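Only one structure is covered here, and it is reproduced in the block below.
What's counted below: heavy atoms across the whole structure, side chains too, no hydrogens, waters or symmetry copies. The model shown is predicted, which means the values in this text are computed figures rather than measured ones.
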Amino acid sequence: MNKVMPNIKNIIFSLFLVLLFAGCGSGQEEMQDEQFTELQEYTLEQVQELAGHGDLILGQPTYTEIDSDGNHLVMDLGSTEIHVFDSNGSYQTSFGRKGDGPGEMQQPRRPVLSEQDTLYISDNIRRALIVYSRSGSYSWVHEYDISFPATEEGYPYYSLTPTEEGYPIVY
């Protein structure tokens, strides 16, 4: 009798495990099928080829904005510059540079171009909002920086982000 009892317990436990794994497996397959059948389809409509000038090499292009004339402003983290290409993709000029002075950037991120072609660039390291305006065909001029000094507790915000209108939002 003692030998029969452990065998029945083993059989019941084994059946329980089989049912448990069988039940889990079928639910996952149904969930995976639903996920893949509901994906949106995307098509690539246009690719813009950018032509450099001389020794211009884009090191780490991250963001691009298009101004009111169709010029492409490409933020390059490799050189810490903004490169301007016309609507045909031909290189025109570059502006900005790495540094701590006015109009210079350390860790630029999220450029925003307003409807009036004012470019706002947030810099996390400098805790500044750097502003450029366009004058002439491809000339971009540094206008000003908005920065906040550190307090005893550190910086008074986590991130400074511009809106499309150019107003800074402090997080």
Side-chain angles (χ1 to χ4, degrees), residues 31-32 34-171:
M31 188 185 314
Q32 288 176 352
E34 288 177 20
Q35 289 174 350
F36 288 114
T37 57
E38 294 183 19
L39 290 176
Q40 290 182 335
E41 186 174 316
Y42 294 96
T43 57
L44 184 61
E45 293 181 15
Q46 179 181 357
V47 174
Q48 178 70 47
E49 183 176 327
L50 302 176
H53 180 278
D55 58 352
L56 174 67
I57 297 174
L58 296 177
Q60 191 179 355
T62 55
Y63 296 99
T64 185
E65 290 285 338
I66 299 175
D67 70 13
S68 61
D69 289 340
N71 301 313
H72 299 265
L73 284 75
V74 179
M75 177 179 280
D76 184 4
L77 293 181
S79 65
T80 319
E81 292 179 307
I82 305 293
H83 304 291
V84 181
F85 299 86
D86 68 14
S87 58
N88 296 320
S90 296
Y91 174 79
Q92 300 302 313
T93 189
S94 297
F95 62 92
R97 66 179 179 199
K98 190 169 185 101
D100 291 320
E104 296 176 337
M105 303 170 269
Q106 288 291 323
Q107 187 182 45
R109 63 179 281 269
R110 190 182 277 176
V112 174
L113 188 63
S114 74
E115 291 179 9
Q116 295 78 28
D117 286 340
T118 302
L119 183 66
Y120 301 90
I121 302 169
S122 177
D123 188 326
N124 284 349
I125 301 249
R126 289 190 54 221
R127 301 288 187 187
L129 183 64
I130 302 158
V131 182
Y132 286 90
S133 65
R134 187 175 78 165
S135 60
S137 296
Y138 302 107
S139 178
W140 289 82
V141 180
H142 171 251
E143 290 286 317
Y144 57 87
D145 293 358
I146 298 172
S147 58
F148 294 100
T151 63
E152 290 180 13
E153 294 83 30
Y155 288 99
Y157 62 92
Y158 172 72
S159 178
L160 184 62
T161 305
T163 64
E164 285 190 28
E165 295 81 26
Y167 304 115
I169 298 174
V170 178
Y171 293 98

Hey, could you give me the [atom1]/[atom2] distance between [X] and [Y], rounded to the nearest 0.5 Å?
X: His72; Y: Ser90; atom1: NE2; atom2: OG; value: 10.5 Å
X: Ser133; Y: His142; atom1: OG; atom2: NE2; value: 10.0 Å
X: Leu119; Y: Arg134; atom1: CG; atom2: CZ; value: 11.5 Å
X: Ile66; Y: Ser68; atom1: CD1; atom2: OG; value: 11.5 Å
X: Glu104; Y: Ile130; atom1: CD; atom2: CD1; value: 9.0 Å
X: Asp86; Y: Thr93; atom1: CG; atom2: OG1; value: 12.0 Å

When you compare the side chain of [Y] with that of [X], does any pair of heavy atoms fall below 4.5 Å?
X: Tyr132; Y: Leu73; answer: no
X: Lys98; Y: Gln106; answer: yes
X: Ser87; Y: Asp69; answer: no
X: Asp117; Y: Trp140; answer: yes
X: Ile121; Y: Ile82; answer: yes
X: Glu65; Y: Tyr63; answer: no
X: Asp76; Y: Gln60; answer: yes

Q: Applying side chain to side chain contact (heavy atoms under 4.5 Å, CB included) between Leu58 and each of His83, Met75, Glu81, report the one that passes.
A: His83
Q: Give me the one residue out of Asn71, Val74, Thr64 that meets side chain to side chain contact (heavy atoms under 4.5 Å, CB included) with Phe85.
A: Val74
Q: Kindly give the heavy-atom pair with the smallest separation between Asp123 and Gln107, and that separation in Å.
A: OD1-N, 3.1 Å
